[in-house]
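When a ligand or atom number is given, it counts from 1 through the structure's own listing order. When reading the values below, keep in mind they use all heavy atoms of this one structure, side chains included, and skip hydrogens, waters and symmetry mates. Position 1 is the first residue of the sequence; numbering continues from there.
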Amino acid sequence: MECDFTGKEAYRQYFNPKDYLNMHMQFESENIPVHEDLFSFVLENLQKAFLVDGIGGDTLIDIGSGPSIYQLLSACEAFKEIIDTDFLEQNREEMQKWLKKDPEAFDWTSMVKYACQLEGNRENWMEKEEKLRKAIKRVLKCDVTLANPLDPLVLKPADCVLSTFCLESACKDLPTYRSAMRNVGSLVKPRGHLIFAAVTQETFYMVGPHRFSSLYLTPEVVRDAVKEAGFQILWSKMSSLHWSPEITDAHDVIFMVAQKLKGA
Ligand code: SAH
């Protein structure tokens, strides 16, 4: 079932971080996330990029972090500094709660244990949480529709920019998507990396009782946008999703690692 584009105002009003987390980050038992098809795929590919391929450096910027930390659990082993960003104040506040160990913060323990288990050391989860808390140095506002998504701040181009499931939520059509990809890509230094995960063939996803639109993407559209933004795709993988149609109509998830061309 399609849904009209939910723009910035809808996000401000209806995107409740706890609803998002409770719905998308649930665990069906201590060891198995309800959406294991997505999380095993994304976390394993992040591990490959950061721990096997050796992509690392001083700074990683995560664009559209939302209230989530799962996507940074391997990155914190490879970067000295992580910059978290999101369009919404309520998401940035949720992130700050976790960083400060606020009792009201979402409990990420199961996900952190799961990620550590995939890395081969489930016992390591407390050290992992601390390592990530230390690595996240800033939580900034961003808007991927701006030429400089971090405006008014101008940051030094980063070694790596990561983004999971943000652009397809933020963009109303393909021209906006392609320009958002260029905007996000502009934050990467020459020869630096752009790593992202996107859902394809999705038109909506739920956050609590609210339906949010998703831009319908195909793998070709995603690949072309990355190349147009001045990147060479090093590798990409796809996997199919089997979520309840009450939560999303997403078909597949694509994961991509790209490198900025020298002159781009
Ligand atoms: N990366 C997170 C969140 C994905 S949900 C995860 O993997 O769980 C989509 C996110 O896109 C939300 O946090 C929302 O606030 C953010 N978003 C929506 N419009 C945006 C915009 N114009 N610029 C940046 N982020 C935006």
Side-chain angles (χ1 to χ4, degrees), residues 5-26 33-35 38-43 45-46 60-75 82-96 98 106 108 111-112 114-115 132 136 139-151 153 161-173 176-187 194-199 202 204-208 210-215 217 241 243 247-248 250 253-256:
F5 176 64
T6 37
K8 296 174 193 179
E9 201 38 50
Y11 269 88
R12 281 195 199 99
Q13 280 196 36
Y14 302 118
F15 191 101
N16 179 312
K18 284 279 176 18
D19 283 351
Y20 175 76
L21 295 170
N22 288 330
M23 195 162 228
H24 296 267
M25 313 292 158
Q26 297 168 72
V34 170
H35 302 123
L38 180 91
F39 288 106
S40 65
F41 175 78
V42 173
L43 292 172
N45 283 318
L46 288 165
L60 174 140
I61 304 176
D62 181 31
I63 292 290
S65 314
S68 302
I69 62 147
Y70 73 90
Q71 72 277 18
L72 302 171
L73 290 166
S74 289
I82 291 176
I83 299 173
D84 216 273
T85 72
D86 199 71
F87 178 69
L88 290 179
E89 193 177 349
Q90 61 262 38
N91 284 344
R92 299 193 301 273
E93 276 169 8
E94 188 63 44
M95 179 65 65
Q96 293 287 8
W98 183 78
F106 182 75
W108 282 98
M111 188 65 87
V112 177
Y114 180 70
L132 180 55
I136 300 176
V139 180
L140 302 177
K141 178 167 183 182
C142 82
D143 182 346
V144 297
T145 64
L146 301 178
N148 169 15
L150 302 174
D151 185 72
L153 296 180
V161 168
L162 169 69
S163 190
T164 52
F165 313 115
C166 171
L167 263 53
E168 59 271 41
S169 315
C171 299
K172 69 173 184 305
D173 54 25
T176 314
Y177 181 78
R178 287 193 280 266
S179 100
M181 190 68 86
R182 281 195 297 275
N183 301 341
V184 169
S186 74
L187 302 171
L194 174 66
I195 298 184
F196 72 92
V199 274
E202 180 190 60
F204 79 91
Y205 69 105
M206 299 301 288
V207 177
H210 300 287
R211 184 182 286 260
F212 284 83
S213 63
S214 181
L215 181 64
L217 297 171
L241 296 176
W243 288 37
I247 297 185
T248 174
V253 49
I254 183 162
F255 186 94
M256 199 171 286

Nearest neighbour in protein (non-hydrogen) for atom 11 (O) of ligand 1: Cys166 SG, 3.7 Å
Numbering as shown, the atoms of ligand 1 that approach Leu88 to under 4.0 Å (heavy-atom distance): 15 (O)
Ligand 1 to Thr164 polar contact by distance, N or O atoms, under 3.5 Å: yes
Best match, Phe15, Phe196, Phe165, Phe212: closest heavy atom to atom 9 (C) of ligand 1: Phe165
N/O donor-acceptor pair under 3.5 Å between Asn148 side chain and Leu153 backbone: yes
Ligand 1 N/O within reach of Tyr11 N/O, cut-off under 3.5 Å: no
Sub-3.5 Å N/O-N/O distance, Asp86 and ligand 1: yes
Value rounded to 0.5 Å, distance of CG in Asp62 from OG1 in Thr164: 5.5 Å
Nitrogen or oxygen of Tyr20 less than 3.5 angstrom from that of ligand 1: yes
Val199 and Tyr205, any side-chain heavy atoms less than 4.5 Å apart: no
Backbone or side-chain N or O of Met25 under 3.5 Å from ligand 1 N or O: no
Protein contact of atom 23 (N) of ligand 1 - nearest heavy atom, named by residue and atom, plus distance: Val144 N, 3.0 Å
Ser68-ligand 1 polar pair, N/O distance under 3.5 Å: yes
Heavy-atom donor-acceptor pair, Ser214 side chain to Ser169 backbone, under 3.5 Å: no
Residue selection (non-hydrogen contact nearest atom 24 (C) of ligand 1) among Pro149, Ala180, Ser163, Cys142: Cys142
Spatial distance of atom CG (Leu187) from atom CG (Leu194) [nearest 0.5 Å]: 9.5 Å
Distance, nearest 0.5 Å, that separates CD1 of Ile136 from OG of Ser65: 7.5 Å
Shortest protein contact, atom 2 (C) of ligand 1 (heavy atom only): Ser65 O, 3.1 Å
Salt bridge present between Glu89 and Arg92 (N-O < 4.0 angstrom): no
Aromatic ring proximity His24/Tyr20, centre distance under 6.0 Å: yes
Geometric class of the Phe212/Tyr11 ring pair [parallel <30°, tilted 30-60°, perpendicular >60°]: tilted
Any N/O pair Asp143/ligand 1 closer than 3.5 Å: yes
Check: Leu46 main-chain N/O paired with Ser74 side-chain donor or acceptor under 3.5 Å: no
Shortest protein contact, atom 7 (O) of ligand 1 (heavy atom only): Tyr70 OH, 2.5 Å
Nearest-neighbour protein heavy atom for atom 26 (C) of ligand 1, which is reported as residue plus atom name and distance: Phe87 CB, 3.5 Å
Heavy-atom side-chain contact between Asp19 and Val207 under 4.5 Å: yes
Protein residue, atom and distance nearest to atom 3 (C) of ligand 1, heavy-atom basis: Gly64 O, 3.5 Å
Protein contact to atom 21 (C) of ligand 1 [nearest heavy atom, distance to 0.1 Å]: Ala170 CB, 3.7 Å
